Amino acid sequence: MKTKTKVVVIGGGVVGVSTLYHLAKKGWSDVVLIERKELTSGSTWHAAGLLPLFNMSYSVGQLHKYAVNLYKALEEETGQNVGFSVVSNIRLATTQDRMDEYRQYAGVAQTIGVDVKFLTPQEVKQIWPLCNIDGLVGAIQHPEDGYIQPADLTQALAKGARGRGAEIYRNTNVVGIKKNDDETWTVQTDKGLIHCEHVVSCSGNFARQTGKMVGLEIPVIPVEHQYIVTEPHPEILKRKEQGLPEMGVLRDSDSSWYMREERGGLILGPYEKGAPACYVDGPSKESEFELFQEDLERIETHIESAIHRVPIFGEVGVKKVYNGAICYTPDGSPIVGPAWGLKNFWINEGHSFGITAAGGAGWQLGEWIVDGEPTIDMMGVDPRRFGDYTTKSFLIKKNEEAYANVFSIHYPDEEREGGRPLRQAPCYDRLKDLGAVFGQKFGWERANWFAPKGVEQTDDWSFRRSKWFKHVGNECKNVQENVGLLDMSAFAKCRISGPGAEDFLDNLIANKLPKKNGRVNLCHALNTKGGVLSEYTISKEDDESYYLVSAGAFQRLDHDWIKKWIPKDRSVTFENLTNSIGVLVVAGPKARNLMEKVSESDFSNEKFPWLSAKKIDVGLAPSIAMRMNFVGELGWELHHPIEYQNHIFDILIKAGGEFGLKPFGIRAMDSLRIEKTYKLVGTEMSIEYSPLESGLDRFVHMNKGNFIGRDALVKWQQKGFANKLVTLEVIGVTDADALGNNPVYKGNVVVGRATGGNYGFRVQKSLAIAMISPEYGQIGKELSMDILGKMYDVRVIKDSPYDSNNDLIRA
Amino acid sequence: MKILVTVKRVIDYNVQIRIKADGSGVETENVKMSMNPPDENAVEEALRIKEVGKADEVIVVSIGGDKSRETIRTALAMGADRGIHVKVVHEVEPLAVAKILEKIVEKENPKLILMGKQAIDDDCNQTGQMLSAKLGWSQGTFASKIELDNNSVLITREIDEGLEKIKTDLPMVITCDLRLNEPRYASLPNIMKAKKKPIDNFTSEDLGVNITPRIKLLKVNEPSKRVKGIMVKNVAELIQKLKYEAKVI
Amino acid sequence: MNILVLSEHNNIEIKSATLNAITAASQIDLNIHVLVVGSDCENVVNKLSNFQSIKKVLVVDNKKFLNPIAEFISPIVHSLAKDYSHIIAPASTFGKNIMPRVAALLDVSQLSDIIKIVSDKIFVRPIYAGNALATIESTDVIKIITVRPTSFDAAITEGGNAEIEKLELNLNSNSVEFISREENKSDRPELGSARIVISGGRGLGSAENFLLLNEIADKLGAAVGASRAAVDAGYVSNDSQVGQTGKVVVPDLYIAVGISGAIQHLAGMKESKIIVAINKDEEAPIFNIADYGLHADLFEALPEFSAELNKLNTIQK
């Protein structure tokens, strides 16, 4: 065993071995993997081996696509058969909402180049003759996917890794991980020490135990998943004898199960409510190839549904029931990327579709480690998308919920109940009394919309306009005509201070810092390859103190990025203020009237211009008022010490009555911001797009001096940009606005994709923001776009269709 | 005629067992359990005998804690007609099992008793023989083939030297080997239906059997571990090592 | 204390497992009697009476006992039991078949397949296919015991002069008829006591291929064993099976060819002094317990092995 290496990968399941393989493929041959028992002996060995290309997310979908292509090529590369049966995958639909989900997905698929077909029930019957098509309204088929043999796949990846110089040590236990002063690591095993530059945690069911070794609370706890394997059935054997193709993986999404052929019989895998979390404190020390006691009662309805859908399933004997652990995270997506707070410690854990995800995750993590950055926007799987609210008991609840929802319809506005309400701003109860229908982001309860008196305070999820559309419209109109109140306490906030603060921030962002105290700039942190990682509003408090605000969902991500770049010489101090400062936004033409009523300060345009910040009192409470907002109206964000929130809230509500002050929620905010072509990280801005493609030219100063990502950006610009951000008007929409990920066409050719969309209540148009090929980006250009399977004409219009001169925000 | 089949719930044969830290036994909490494999053969054989019309009822018995009922249900799902659960609160030795079964036999009056030849947990291979002796019946142990002809049975047994055939009359106890047959898999509808089949419940007290163990378990430990070996590159090296290093050839 | 050993024999020869049972008995007490039930079995009786450790040989000689039938033998042992503190037999299929009947007739528990004697009441036996060892204490007045032959040395066959006592006993009512026995005769040593064993698994692929092992076995003077999978597949007969439900062997050298190393097989051979594994799957569990592992295709390795043995030409028997 080596005592010194570049990377130690901990864990020999398919995920760890794929990581090792990809590192070696990128030319890092001095890498090792440590496995406590035998490869695959955790969860990989008992996986059903399915390879779903299907994933609603643009980025995770790309990871799956990569994997499927990689696995196809692996046999040729390594000489090891991986048992890839490309039998196709069919997802059934029995409701129109499910079909909407599939249509929305089809748009995503188009934009990433994944082949998916819509099938009629009759066509399903042709491919799956043994399927009862009662009650089906349609289906989609992925011709390219199927299933694979997990152990063989892992062995092939291992072979590919070893062949390039990587080493694998089995029957070796990691007992500790020590951070050295020079930011290298020493991995302590029961066979000796290994000194290395990078550590990658791929320990599956042991994720939390590995995390504990370095002080990390990794948000992974596995859940029990069962699948039933039957003996052969004569009908299937007959098909084989006749040389007919295997029928493909069948997913009855609405009944929450998958089924596929297995050696002449069938496998049924349900995702039921009530599957318990397992290995809550980790598996035992001796655990290896472990299975749990089966519980068929728990999946009885799924069995009955499967027998109804595929009658022969009820005719054959059950050969074996596998009940094994699958790793889960609170949202059901894996965590792949850098650990927070630790340099060169990487996480590749929480895989509930590990066989598929391993390929893509290993690929991108390999790039991240070797090249410094991934090429795909990994936001959807970044380990830092959860905060420290993921306690063990939270994880048990949430991960069980994630499991139970694997097949639930993934509405764009879905808000899951488990573990809620958790983090609440002080004004939560007040908002609730005002009719708030809440969702959560990063654990924070946030009002999505407000149900007026007489309207049920429950949500209504859909891919189309639903019950809440009208009410959100009213919220928007009220903001436009009067003044609205929005709680944005969930914003991530921090202070950067010290003698080195200015230089540090100047290097961090592409924009220039505000020069004067009390000025605010919109700034972006790029990654080292020039893509956009974070967006901040930065206000200068004084020469050695700056206040940064960014989206609440990215608190851990943004702050981790900052902290990792902070110089060691203590010239810069980071202070997290997220939990100590609340934010209330007042926006609308009467905002000034309202502020003048509740505060003595001067809110005139001369004394309090756009993008400036001032200390004010609201009632008896101190607050910083920042003149900016995300909805394109006259308005202020009130950043206040959080203990004063209710005092401020009550005063605003009381004073606001005469101005028509009403609360508004996140859904209204999203409609309002689309009308201003305001961009969000994760959609219009991402590491896949340079800031110049995202229309952030005003905020990028290439000549100000060096900043992170600058050189890469210059090279990128020289190479040429592939995208341009545009605003589109969508013609003829009656019931469904663009949600994002909609493919944009010129004729039959996909020329771009929507990043977001909404109905603009103030401009009374259905809008979308899209990234398209620059040649189609001129104003007036006529294109078309798919929304839920229907093509609409769209026209490129000027950005910020509402108040494009920005007169209102600067009033 | 009635056939009585015994089934035992044991740690699944695929599981790597763990010994409790205090050496008091083998860990069974949170461990996958299944029907003792040779018992599956016994159930299967009983069902086949019934299917050719030579028996009219297959009763399955299990002795153990509450979870033994799940094992009985498995046998019912395969096709057994009804079950009997004798609940005991601690481990029972083969002698106690034989005595309990003796009482069940008195109640049910089966002509044939089929059992697995040994349980893969204690590996005793005693119960069938003990029961047979208590009942004064004949026995056919390690059976790999059973041919029933009216009241007479021809049994092929697997012994150390090969195969032995013996013939005797019912009633008798037969212990089954894994090669006796290929146990069937229960279909899901049968598994669901099995929940409705009756299971009678008794305790050892109900039956008047003293199950106090005669054997005390003093401790359980792991066998000594082998020292890790090496991989050789080729046959020539292997032979060299065997001759000059290990000196066994 | 008096100990009675039930001897296993074929009326002509004593089965070797009996010798191990006698040694086990001698570790408890030196007052050892041996019971021979058979037909025209003077040869066996005389040989036994020469054993150093045997004080008395009890004989029941009758045509009825030509073949060992449990229903016939157990009442005989039962009738003699009151004079003994321990009754011991080898844990062969013979012993396993008969002794539990004896125990039940005496209403005592049985201690099966013991591998170590700690005292006259305390013993060690394997459970869970030998993955755990249980130390147990019997509280019964008479201890009925079967002994794992491979855990005890063979008794010395000379230096004794035991009293021989003929008994006329004819007890039993069960009508059991012995029909036939199919034994696999071979010149090779007996699997249970061979010094070298070469075993094949499912990897051999056919009964014909198993003959490849025979060739090597002959050169080594070894017995041929098999995994359950190979027996189930019909490549070889059941008496070759090594494992939890087959034979337990402890040769000086065990060569596992094309055997993956499932727990159940390991139960039958993991105490072998030297274990060699030849398998084309380098992740096969058998390599975890092998002293020497060869990752190779057995169809290439076996002929090579045979050729190398020819070169060596000196085999210690």
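Computed from a predicted model, the values in this text were never measured in an experiment. Side-chain atoms are counted along with the backbone in the values below, which use heavy atoms only and exclude waters and symmetry mates. Numbers restart at 1 for each chain; the letters A, B, ... are given by sequence-line order, proteins then strands.
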> Please work out which of the three classes, parallel, tilted or perpendicular, describes the rings of C:H265 and C:Y254, given edges at 30° and 60°.
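C:Y254 vs C:H265 ring planes: tilted.
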> Let me know if C:Q264 has heavy atoms under 4.5 Å from chain B in its side chain, its backbone, both or neither.
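Contact with chain B: side chain only.
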> Return the option, out of C:E300, C:E282, C:E271, C:R125, with the maximum number of heavy-atom pairs under 4.5 Å with chain B.
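Max contact count across the listed options: C:R125.
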> Take atom CD in B:E147; do more than 12 heavy atoms of anything else shown fall under 6.0 Å from it?
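It does: B:E147 CD has more than 12 such atoms within range.
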> Need one label for B:A98: side chain, backbone, both or neither, based on atoms under 4.5 Å from any heavy atom in chain C.
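Neither part.
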> Checking heavy atoms, do the side chain of B:E93, its backbone, both or neither come under 4.5 Å from chain C?
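Side chain of B:E93 only, per the 4.5 Å heavy-atom cut-off to chain C.
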> Sort out for me which of C:L294, C:D252, C:L105, C:L253 touches chain B most, counting heavy-atom pairs under 4.5 Å.
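Of the options given, most contacts go to C:L294.
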> Side chain, backbone, both or neither: which part of C:N288 has an atom under 4.5 Å from a heavy atom of chain B?
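Looking at C:N288, nothing touches chain B.
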> Does the salt bridge (charged side-chain N to carboxylate O under 4.0 Å, His left out) test come out yes or no for B:K20 and B:E27, once each step is laid out?
CA-CA 5 Å; B:K20 291 186 190 165; B:E27 191 61 72; 5.3 Å; no
> Heavy-atom pairs under 4.5 Å with chain B: which of C:R181, C:K15, C:M99 has the most?
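Among the listed options, the one with the most contacts to chain B is C:R181.
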> Walk me through it: do C:L66 and C:F178 pass the test side chain to side chain contact (heavy atoms under 4.5 Å, CB included)?
CA-CA 9 Å; C:L66 180 61; C:F178 173 87; over 6 Å; no
> Measure C:R228 against the heavy atoms of chain B and call it side chain, backbone, both or neither at under 4.5 Å.
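Both parts, backbone and side chain.
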> Sort B:L154 into side chain, backbone, both or neither according to what part of it lies under 4.5 angstrom from a heavy atom of chain C.
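B:L154 touches chain C through side-chain heavy atoms alone.
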> Side chain from CB out, backbone as N, CA, C, O: work out which of these in C:K96 comes under 4.5 Å of a heavy atom of chain B, or both, or neither.
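Answer is both: backbone and side chain atoms of C:K96 are under 4.5 Å from chain B.
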> Go through the atoms of B:I120 and report whether side chain, backbone, both or neither lie under 4.5 Å from a heavy atom of chain C.
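Both parts, heavy atoms under 4.5 Å.
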> Please classify the contact of B:R214 with chain C as side chain, backbone, both or neither, using a heavy-atom distance under 4.5 Å.
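Both backbone and side chain.
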> What verdict does the side chain to side chain contact (heavy atoms under 4.5 Å, CB included) test give for B:W137 and B:I113, after you've listed the backbone C-alpha separation in whole Å, the side-chain angles of each residue and the deciding distance to 0.1 Å?
CA-CA 10 Å; B:W137 291 7; B:I113 301 177; 3.6 Å; yes
> Under a 4.5 Å heavy-atom cut-off, does chain C meet the side chain of B:P223, its backbone, both or neither?
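Both parts, backbone and side chain.
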> Side chain, backbone, both or neither: which part of B:V15 has a heavy atom under 4.5 Å from chain C?
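Just its backbone gets close to chain C.
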> Does any backbone or side-chain atom of B:K117 lie under 4.5 Å from a heavy atom of chain C? Answer side chain, backbone, both or neither.
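Interface part for B:K117: side chain.
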> With only heavy atoms counted, which part of B:V10 is less than 4.5 Å from chain C, the side chain, the backbone, both or neither?
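The answer is neither part of B:V10.
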> Relative to chain C, which segment of B:L217 carries a heavy atom at a distance below 4.5 Å: side chain, backbone, both, or neither?
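Looking at B:L217, backbone and side chain both touch chain C.
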> Is B:Q126 in contact with chain C via its backbone, its side chain, both, or neither, using a 4.5 Å heavy-atom distance?
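Contact with chain C is through both the backbone and side chain of B:Q126.
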> Might you point out which heavy atoms bring B:M130 and C:P100 nearest each other, and give the distance in Å?
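That closest heavy-atom pairing would be CG-O, 3.4 Å.
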> Is it the side chain or the backbone of B:V232 that comes within 4.5 Å of chain C heavy atoms, both, or neither?
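The answer is both parts of B:V232.
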> What part of B:I230 lies closer than 4.5 angstrom to a heavy atom of chain C: side chain, backbone, both or neither?
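Both backbone and side chain of B:I230 come within 4.5 Å of chain C.
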> What heavy-atom pair brings C:S16 and C:E190 nearest, and what distance separates the two atoms?
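Heavy atoms only, the tightest pair is OG-OE1, 3.3 Å.
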